[in-house]
Protein chains: 2
Amino acid sequence: MGDEMADENISDLIERYLKEILADNEQIKIRRSEIAGLFDVVPSQINYVINTRFTIQNGYIVESKRGGGGYIRIEKVHLLDDIDVLDSLIAAIGNKLSKRDSETIVQTLYNNDLIDRREVSIILAAIDKDAIDLNNNDLTDILRANIMISILNRLRYER
Amino acid sequence: MGDEMADENISDLIERYLKEILADNEQIKIRRSEIAGLFDVVPSQINYVINTRFTIQNGYIVESKRGGGGYIRIEKVHLLDDIDVLDSLIAAIGNKLSKRDSETIVQTLYNNDLIDRREVSIILAAIDKDAIDLNNNDLTDILRANIMISILNRLRYER
DNA sequence: CATTCTTTGACTAATATTGACTATTATTAT
DNA sequence: ATAATAATAGTCAATATTAGTCAAAGAATG
């Protein structure tokens, strides 16, 4: 890679365009079709750009609304400094997560002062066996993994 | 949550208009056609706004009267204590819970000082669409209901 | 070549807007 | 009083306006 090379593809251009705006603003609210029109691509390409380049790992959260006056909002979030614990926990969780392992994770979070007592309680309630039980143990473990990862990702930043 | 900027659609504007009045008053009594005229929409759109944004889950009670001198009255609801808030929210959740309704509930919890910002964030992460998506929308709504109820029940003890 | 990334578009989903028709209540005429 | 009319609000389904998903085709990369 050299210096200052022209980004070749349109997705990169769109990414750069949005990030330039985000350099001066905490968030942007766009109309999907407008941006698509600006770069002369199909609207769904905007979703592609967002899904590949504005993830939470990159420090962005995205929300949207359909219907009249619909929009996509991209928000820059401030990633916390002591994220290592969270990252390694996320990395360690695979496809599935047992009840036992999930409790260990919650305990670790608490021990590291990443969550308080009430938050422990809320998280345990969210992954409670009865809440996510669908008569299929594999499915329950998958759900537990998904929910836990989602929560850990939330803990990575503050608004 | 909160800081609203440039709502694009008219329903949002009407919602904000009414809520601004309600910020200073316990209730408002409106004439449907008047509000409709103010925003230049058909009268039934006022019903749409009320049905989607002034539900009991949102913390409002609405009553109305037809005929000459008819009106719609929107009243802020006062729940007696925290347990009542939780109980009525739990009662309002049936078998399934949409994303939209779940967000309303979380907002209500926050407005009633039952949870703080971080807890809002954690709960929303737990019921995030991607976390509980199993390629079946009904199932997702069922899971969301289960998880939300589980959390609400936990909050009853965790004061 | 094989693999991964990008581009495209047909189909789906969510939300908002509109208006025709209905229901209820108040007022006026008989 | 009763009936007719006017003045409201409610319901519901059609249409409009967005954004999302997914898989296939094409391009780039190694």
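Each chain gets a letter, A, B and so on, in the order its sequence line appears, and its residues count up from 1. Atom set for the values below is all heavy atoms of this structure, side chains included, hydrogens, waters and symmetry mates excluded. If you're wondering where the values come from, they're calculated on a predicted model, not measured in any experiment.
Put simply, CD on E63(B) is 15 Å from C1' on dT24(C), counting in whole angstrom units. Rounded to an integer number of Å, the gap from CD1 of I35(B) to C1' of dT8(D) is 15 Å. Protein atom CD1 of I30(B) is 11 Å distant from nucleotide atom C1' of dA9(D), rounded to whole Å. Across the protein-nucleic acid pair, D128(B) atom CG and dG20(D) atom P stand 13 Å apart, rounded to whole Å. Atom pair I10(A):CD1 and dA27(D):C1' shows a separation of 12 Å (rounding to whole Å applied). Distance D130(B) CG to dA19(D) C1': 15 Å, rounded to the nearest Å. If you take CG of N51(A) and P of dG20(D), they are 8 Å apart, rounded to a whole angstrom. Going from atom CG of D40(B) over to atom P of dT17(C) covers 12 Å, rounded to whole Å.
When hydrophobic clusters are built by joining Ile, Leu, Val, Met, Phe, Trp and Tyr residues whose side-chain heavy atoms come closer than 4.5 Å, directly or via intermediates, Y71(B) is not grouped with I50(B). V42(A) and I35(A) are not part of a single hydrophobic cluster, where members link through side-chain heavy atoms under 4.5 Å apart.
Y48(B) comes within 4.0 angstrom of a nucleotide base, judged by non-hydrogen atoms across all strands. Contacts of G70(B) with the nucleic acid, taken as non-hydrogen atoms under 4.0 Å apart, involve only primed sugar atoms and P, OP1 or OP2. T52(A) comes within 4.0 angstrom of nothing in the nucleic acid, heavy atoms only.
Sorted pairs that involve residues 146-155 of chain A and meet salt bridge (Lys or Arg N to Asp or Glu O under 4.0 Å), not counting sequence neighbours, are lacking altogether.
Between dA7(D) and K65(B), no contact under 4.0 Å exists linking OP1 or OP2 to a side-chain N or O. The phosphate of dT6(C) (OP1 or OP2) has a side-chain N or O of R53(A) nearer than 4.0 angstrom. For the pair Q45(B) and dA16(C), the criterion of a side-chain N or O lying under 4.0 Å from OP1 or OP2 is not met.
Where D133(B) and G67(A) each meet DNA chain D at their nearest nucleotide, the meeting point lying more 5' is that of G67(A). When each of V62(B) and E34(A) is assigned the nucleotide of DNA chain D with its nearest heavy atom, V62(B) is the one assigned upstream, toward the 5' end.
Of all nucleotides listed (dA13(C), dT15(C), dT17(C)), dT17(C) comes nearest to the side chain of S11(B). Considering only side-chain atoms of S64(B), the nucleotide from dA16(C), dA9(D), dT17(C) that sits closest is dA9(D). Side-chain proximity of R66(B) to dA16(C), dG9(C), dA9(D): nearest is dA9(D). Distance from the side chain of N9(A) is smallest to dT7(C) among dT25(C), dG10(D), dT7(C). Taking every side-chain heavy atom of R100(B) into account, dT15(C) is the closest of dT15(C), dG10(D), dT8(C). Among the nucleotides dA19(D), dT17(C), dC5(C), the one closest to any side-chain atom of S33(A) is dA19(D).
Minimum heavy-atom separation, R156(A) to Q57(A): NH1-CA, 3.6 Å.
Counting atom types as modelled, R32(B) pairs a side-chain N or O with a base atom of dG10(D) as donor and acceptor under 3.5 Å. Side-chain N/O atoms of S44(B) and base N/O atoms of dG10(D) include no donor-acceptor pair closer than 3.5 Å.
Taking the charged nitrogens against the carboxylate oxygens, K65(A) and D12(B) do have a contact shorter than 4.0 Å, which makes a salt bridge.
Checking side-chain atoms of R144(B) against main-chain N and O of L97(B) turns up a donor-acceptor pair under 3.5 Å.
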